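Comments concern the structure below.
The figures here come from the full heavy-atom set of this structure, side chains too, leaving out hydrogens, waters and symmetry mates. Nothing fancy with the numbering, it's 1 onward along the sequence. Nothing here was measured: the structure is a model prediction, and the numbers come from that model.
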Amino acid sequence: MSARVSGRRSWLQASGLATLSPLLGCVTPRSASARPPADDGEPAGSPSASSAVSTPRGPDVAVAGITEYCVAHSVGESAAMRAIAEQTRAEVELWYMMIGPVEAALLRLLVRLRGARRVLEIGTFTGYSAIAMAEALPDHGELVTLDISEEWTAIARRHWANSPHGAKIRLELAPASETLPQLRGPFDVAFIDADKTGYPAYWDATVPLLSPGGLIIVDNVLAGGRVVAPDSSHSRATDAFNDKVVADTRVETLMLPVRDGVTVAQRVG
């Protein structure tokens with residue numbers, strides 16, 4: 001761990017802000033009744049699935065209010081996004097792996113601000129984030145998304161086909177470790193939201209594919225808040241990955257406490 005990262009962490013713990021970190025961003029409150037397994041880094045709830053989350057108490061009340069307020073004051077879901085979200089929550093046991101509407105709005109905005117023409121996504125799931133980003137691409141834009149699940153991506157394909165933006169999306173159904181070496185850049189934006197143990201390899205394969213000034217966005221970098229004091233193999237691996245990213249001189253990095261943590265990095269070298 002670098003001295004810079006160690007110093008920041010000590011300050012965070014000493015200041016007591018570690019316990020309040022959900023209040024620093026639009027993080028979905030966690031609850032005992034809707035919490036995924038301890039080693040899963042994805043938040044259990046989402047603003048549009050609040051019925052699955054028990055009534056929050058104490059600081060969680062403020063967190064829930066902030067989440068709802070952020071959703072209400074962000075660009076809303078398109079019809080395609082809403083349809084994917086509804087089917088995912090109804091039919092997929094691991095529905096909580098889907099990003100929320102605030103993070104989707106962030107991705108869509110970053111794609112548009114970057115003026116992206118090509119986007120790479122590692123981890124399609126049911127296609128919610130892919131269609132959100134595709135909606136921000138120009139008509140001739142392309143989004144290449146990688147996944148291995150026929151079942152989950154079948155939901156994505158069904159709804160992409162009903163969207164005018166679905167034609168911009170190209171799904172590669174194979175392990176990313178096999179697909180990434182075959183891809184040719186440049187990509188203007190990349191989004192990593194797949195198996196967490198693969199993050200270091202995905203990062204190393206993706207950064208060289210970015211255009212100058214390109215953005216790489218990584219989801220679930222807080223491991224449910226456990227990166228502050230890692231206590232499991234998953235949280236320790238996520239912490240080590242975050243140290244790797246902040247030490248990478250090819251990028252400038254910003255970590256945001258949105259949902260389960262989103263890192264946004266821009267290639268500068």
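Hydrophobic clustering (ILVMFWY, side-chain heavy atoms < 4.5 Å, transitive): V75 and Y128 are in distinct clusters. Two different hydrophobic clusters hold L113 and V189 under the rule that ILVMFWY side chains link at heavy-atom gaps under 4.5 Å. Linking ILVMFWY residues whenever their side-chain heavy atoms come closer than 4.5 Å, directly or via other members, places L94 and I99 in the same cluster. M255 and L109 fall into different hydrophobic clusters, defined by Ile, Leu, Val, Met, Phe, Trp and Tyr side-chain heavy atoms under 4.5 Å apart, directly or through other members.
Only one option out of T153, V92, D193 pairs with F125 in a side chain to side chain contact (heavy atoms under 4.5 Å, CB included); it is V92. With N220 as the partner, the side chain to side chain donor-acceptor pair (under 3.5 Å) test is satisfied by one option alone out of K196, R259, H234: K196.
In terms of heavy-atom proximity, S78 sits nearest to R108 at N-NH1, 4.4 Å. Residues Q266 and G213 share a closest heavy-atom pair of NE2-O, 2.9 Å. The shortest heavy-atom contact between G166 and I131 is N-CD1, 4.2 Å. The minimum heavy-atom distance between A134 and L143, with the atom names listed, is N-CD1, 4.1 Å. Scanning all heavy atoms of the two residues, the minimum distance from T238 to V221 falls at CG2-O, 3.4 Å. Annotation for R236 and P230: closest pair CG-CB, 3.5 Å, computed over non-hydrogen atoms.
No side-chain heavy atom of L137 sits less than 4.5 Å from a side-chain heavy atom of R118. Side-chain contact between L215 and D188: absent, with no pair of heavy atoms (C-beta onward) separated by less than 4.5 Å. T263 places none of its side-chain heavy atoms less than 4.5 Å from the side chain of L254. Inter-residue side-chain proximity for I216 and F191 is flagged as unmet; no heavy-atom pair is nearer than 4.5 Å. Counting only heavy atoms from C-beta outward, the side chains of M98 and R89 approach each other to under 4.5 Å. Taking 4.5 Å as the limit, every side-chain heavy atom of Y202 sits out of range of all side-chain heavy atoms of V218. In this structure, the side chains of S129 and L107 come closer than 4.5 Å at one or more pairs of heavy atoms. When side chains are defined from C-beta on, S74 does not count as touching Y69, because their heavy atoms never get closer than 4.5 Å.
Atom CG of L120 sits about 8.5 Å away from atom CG of L210, to the nearest 0.5 Å. Once rounded to the nearest 0.5 Å, the distance linking CZ of R250 with CH2 of W203 reads 7.5 Å. For the atom pair T206 OG1 and E121 CD, the distance stands at 11.5 Å (nearest 0.5 Å). In this structure, the separation between CD on E68 and NE2 on H73 is 12.0 Å, given to the nearest 0.5 Å.
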task: Starting from the C-alpha separation in whole Å, work towards a yes-or-no answer on side-chain contact (heavy atoms from CB on, under 4.5 Å) for D248 and T253.
output: CA-CA 9 Å; D248 193 328; T253 305; over 6 Å; no
task: Please report the C-alpha distance between S232 and S235 in whole Å, then the side-chain angles of each, then the deciding distance to 0.1 Å, and finally whether the side chain to side chain donor-acceptor pair (under 3.5 Å) criterion is met.
output: CA-CA 5 Å; S232 68; S235 56; 3.0 Å; yes
- request: Begin with the C-alpha distance, continue with both residues' side-chain angles, and end with the deciding distance and a verdict on side chain to side chain donor-acceptor pair (under 3.5 Å) for S211 and R114.
  value: CA-CA 11 Å; S211 59; R114 179 66 184 86; 3.1 Å; yes
field: From CA spacing to verdict: side-chain contact (heavy atoms from CB on, under 4.5 Å), F187, R117
entry: CA-CA 8 Å; F187 289 93; R117 296 175 182 271; over 6 Å; no
task: Show your reasoning for whether side-chain contact (heavy atoms from CB on, under 4.5 Å) applies to W160 and T145.
output: CA-CA 13 Å; W160 293 344; T145 183; 3.8 Å; yes
message: I'd like to know whether V144 forms a side-chain contact (heavy atoms from CB on, under 4.5 Å) with L146, so could you lay out the CA-CA distance, the side-chain angles of the two residues, the decisive distance to 0.1 Å, and finally the verdict.
response: CA-CA 7 Å; V144 180; L146 316 181; 4.0 Å; yes
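Heavy-atom contacts from other residues, nucleotides or ligands closer than 6.0 Å to CD of E91 number more than 12. Around the CG atom of D231, the shell of radius 6.0 Å holds more than 12 heavy atoms that belong to other residues, nucleotides or ligands. Around CD1 of I148, the count of heavy atoms belonging to other residues, nucleotides or ligands within 6.0 Å does not exceed 12.
A donor and an acceptor atom, one from each side chain of E172 and T179, are nowhere located under 3.5 Å apart. Between the side chains of T126 and T88, at least one donor-acceptor pair of N or O atoms lies under 3.5 Å.
Taking 4.0 Å as the cut-off between side-chain N and carboxylate O, K244 and D204 count as a salt-bridged pair. Look at E142 and K168 and you find no salt bridge, because none of the NZ, NE, NH1 or NH2 atoms lies under 4.0 Å from a carboxylate O.
Panel note: side chain R158, backbone I84; no donor-acceptor pair is recorded below 3.5 Å.
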